[in-house]
Q: 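Submitted below is the structure of interest, expressed as structure tokens.
In each ligand, atom 1 is the first atom listed, and ligand 1 is the first ligand listed.
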Amino acid sequence: MEVVRASRYGGFCGGVKRAWALAQQARAETAGPVYLTGELIHNRPAMEELYAQGLEIAHPSERELPPGSVLLVRAHGEGPQVYERAQQQGLKLIDASCGIVQRVQRKAAEWERQGYQVILYGHRNHPESRATIAYTRHGLIIESVAEAEALPHFPRIAALAQTTVLLSEYERVCQVLATKCDEFMNQGQVCAWTRLAQDEAVAIARTVDAMVVVGGKHSSNTQQLAKVCGAIVPTYHIERLEELRPEWFASARRVGLTAGASTRDADIDAVAAWLAALEPAPAGSA
Ligand code: SF4
């Protein structure tokens with residue numbers, strides 16, 4: 001089978017590469033346990049690799065950790081309370097939160113300070129959205145245009161976005177939010193890696209008979225990749241090689257392959273090799 005693989009943006013993004021490197025460094029330099037504030041990245045096979053190395057999730061708000069312990073802040077970021085708790089408990093904190101996420105957190109605090117109602121478009125239960133809103137006192141998370149339409153009127157709104165949402169959907173939300181206030185400020189920033197990965201995936205999807213997207217089932221950017229590809233060709237979002245089924249590709253001659261921002265290269269390589277070993281459908285049957 002011919003496999004067209006995303007060559008520029010499939011796999012670890014800059015923020016994940018940094019978080020992963022910090023985790024590996026902390027592991028190598030720490031004799032005792034290394035704690036994480038949550039899943040460092042949204043990918044179960046990658047997290048299993050970290051757990052096997054002895055890294056462990058222990059949120060300092062829920063558990064008292066021994067003073068001097070090493071605590072890594074997840075790539076999605078954490079609210080200010082986590083940093084305060086880590087300081088109170090005398091922990092050695094390593095901040096692996098992505099710089100792009102930190103910038104959105106600073107904006108949330110700043111625009112609320114300036115008297116704006118901060119409204120973030122994202123997933124209500126996603127750790128990045130929750131952490132960003134934790135930098136405000138009255139900030140709100142909305143998940144849809146319908147939720148934007150149901151909002152009351154505010155004097156001033158500053159809109160923000162979870163960094164991995166679809167830009168087109170965020171723009172539609174902003175159009176509604178602009179009608180819900182006297183003064184509207186669009187401060188949202190969708191991560192460039194996420195956007196470029198989607199563009200590359202869409203370009204590939206237009207030339208193939210099916211797409212495979214490898215990445216965490218609960219990874220927001222991976223879900224978006226699957227969504228944009230799925231609008232073009234049959235698309236299969238898998239987290240592990242074992243999920244693949246030959247019958248999905250029975251009528252395919254060319255298959256596209258991309259991956260979420262927290263997918264290890266080795267996992268993408270294994271899927272690429274599996275797909276390449278498939279027999280393509282006979283000419284004219286695709
Ligand atoms: S997807 Fe973008 S915002 Fe998220 S960790 Fe990667 S670089 Fe940072």
Q: Is the backbone N or O of I141 less than 3.5 Å from a side-chain atom of R124, with the two atoms forming a donor-acceptor pair by type?
A: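 It does hold such a pair.
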Q: Does T194 approach ligand 1 within less than 4.0 angstrom via side chain, backbone, both or neither, non-hydrogen atoms only?
A: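 Near ligand 1, T194 shows its side chain, while the N, CA, C and O stay back.
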Q: Near E279 CD, under 6.0 Å, is it more than 12 heavy atoms from other residues, nucleotides or ligands?
A: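 Result for CD/E279: open.
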Q: Of the options K217, R44, R264, which is the one that meets E239 in a salt bridge (Lys or Arg N to Asp or Glu O under 4.0 Å)?
A: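 So the option named by the test is R44.
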Q: Below 2.8 Å, can you find an N, O or S atom of C13 next to atom 6 (Fe) of ligand 1?
A: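 An N, O or S atom of C13 is closer than 2.8 Å to atom 6 (Fe) of ligand 1, so yes.
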Q: In terms of relative ring orientation, are H42 and H218 parallel, tilted or perpendicular, with 30° and 60° separating the classes?
A: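 Tilted: the ring planes of H42 and H218 meet at 30° to 60°.
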Q: Strictly by modelled atom types, are Q175 and E171 linked by a side-chain donor-acceptor pair under 3.5 Å?
A: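 No, because no side-chain N or O of Q175 sits under 3.5 Å from a partner of the opposite role on E171.
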Q: For atom 8 (Fe) of ligand 1, what's the nearest protein heavy atom and its distance?
A: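 Protein heavy atom at minimum distance: C98 SG, 2.3 Å.
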Q: As a check for students: among V104, I100, T163, identify the option with a heavy atom nearest to atom 4 (Fe) of ligand 1.
A: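 Of the listed residues, T163 has the closest heavy atom.
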Q: Can you tell me if an N/O/S atom from C191 lies under 2.8 Å from atom 8 (Fe) of ligand 1?
A: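 No N, O or S atom of C191 is closer than 2.8 Å to atom 8 (Fe) of ligand 1, so no.
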